[in-house]
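We number each residue from 1, following the sequence as shown.
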Amino acid sequence: QVQLVQSGGGLVQAGGSLGLSCAASGRTFSINEMAWWRQAPGKQRELVARISRAGSATYADGLKGRFAISRDNSKNTLSLQMNNLKPEDTAVYYCYASSSLTGPHWGQGTQVTVSS
């Protein structure tokens, strides 16, 4: 199995910055793609950004330039730096990892609240 433990997040004013981290353990050698998803109240979970094992990243429309995803395969960590945050970025953010052996895995979720 793969375990994902998230940290970071919290409350910030609009225009501020926050960082999220996700530490993977277990069969980390089997992890291919990692990603950040988010779910706002009353809305479906949506993809924020994804990154391949080689470091190729893609972002949801409108987030590139404000958000930056990165991963450190040697430390088995995934990060998301969020800048110029807006109230509409308020959501629970989830770390995601896809394992070639055990399938999809999710972190516990972290609340990000952006006040106007």
Side-chain angles (χ1 to χ4, degrees):
Q1 288 292 332
V2 171
Q3 295 79 38
L4 302 173
V5 177
Q6 299 178 218
S7 60
L11 173 65
V12 67
Q13 288 188 332
S17 298
L18 281 175
L20 302 178
S21 295
C22 176
S25 61
R27 295 185 172 186
T28 56
F29 64 90
S30 68
I31 295 175
N32 296 314
E33 178 180 281
M34 299 188 79
W36 289 99
W37 290 69
R38 68 185 182 184
Q39 187 166 19
K43 296 187 177 182
Q44 288 188 327
R45 192 172 296 190
E46 63 177 4
L47 178 67
V48 173
R50 55 162 47 110
I51 186 167
S52 69
R53 190 169 186 86
S56 178
T58 58
Y59 296 85
D61 290 343
L63 295 184
K64 188 175 184 179
R66 293 197 299 122
F67 288 18
I69 189 173
S70 61
R71 67 189 284 178
D72 186 331
N73 294 328
S74 66
K75 297 180 179 179
N76 298 312
T77 57
L78 176 72
S79 299
L80 183 69
Q81 179 63 37
M82 304 179 288
N83 300 319
N84 190 22
L85 283 160
K86 303 176 181 181
E88 52 263 42
D89 295 317
T90 295
V92 177
Y93 284 70
Y94 294 92
C95 173
Y96 166 89
S98 176
S99 164
S100 59
L101 295 177
T102 56
H105 299 273
W106 295 92
Q108 78 274 23
T110 300
Q111 178 68 47
V112 170
T113 302
V114 184
S115 63
S116 58

Separation between CG of Leu78 and CZ of Arg50, rounded to the nearest 0.5 Å: 12.5 Å
Any Arg38 side-chain heavy atom under 4.5 Å of Glu46 side chain: yes
Test item: side-chain donor near acceptor, Thr113 and Gln111, under 3.5 Å: yes
Greater than 12 external heavy atoms within 6.0 Å of Arg27's CZ: no
Residues which pass side chain to side chain donor-acceptor pair (under 3.5 Å) with Ser99, listed by chain and number, not counting sequence neighbours: Ser30, Thr102
Straight-line distance of Leu4 CG to Cys22 SG, nearest 0.5 Å: 4.5 Å
Any donor-acceptor N/O pair, Thr77 side chain to Ala23 backbone, under 3.5 Å: no
Test item: Val112 and Leu20 side chains (from C-beta on) under 4.5 Å apart, heavy atoms: yes
OG on Ser116 to NZ on Lys86, rounded to 0.5 Å: 14.0 Å
Inter-residue atom distance Ser56.OG - Glu33.CD, 0.5 Å rounding: 10.0 Å
Close side-chain approach of Leu63 and Asp89, heavy atoms under 4.5 Å: yes
Taking every non-hydrogen atom, the tightest pair across Gln81 and Ser17: NE2-CB, 3.8 Å
Within-4.5 Å side-chain heavy-atom neighbours: Asn73 and Arg53: yes
Parallel, tilted or perpendicular: ring planes of Trp106 versus Tyr94, cut at 30 and 60 degrees: perpendicular
Same apolar cluster (I L V M F W Y, side chains within < 4.5 Å links), Trp37/Val48: no
Flag, side chain of Gln13 to backbone of Ser115, donor-acceptor distance under 3.5 Å: no
Check: Leu101 and Phe29 side chains under 4.5 Å, non-hydrogen atoms: yes
same_hphob_cluster(Tyr93, Ile51) at 4.5 Å side-chain heavy-atom cutoff: yes
Same apolar cluster (I L V M F W Y, side chains within < 4.5 Å links), Leu11/Leu18: no
hydrophobic_cluster_shared for Trp36 and Val2, side chain cutoff 4.5 Å: yes
Spacing of Lys64 atom NZ and Ile69 atom CD1 [to the nearest 0.5 Å]: 12.5 Å
Student check: side-chain heavy atoms of Arg71 and Ile31 closer than 4.5 Å: yes
Distance, nearest 0.5 Å, that separates OH of Tyr59 from CG of Leu80: 7.5 Å
Atom of Ser100, atom of Asn32 and distance for their closest heavy-atom approach: CB-ND2, 3.5 Å
Sidechain-backbone polar pair: Thr28 side chain, Ser25 backbone, donor-acceptor under 3.5 Å: no
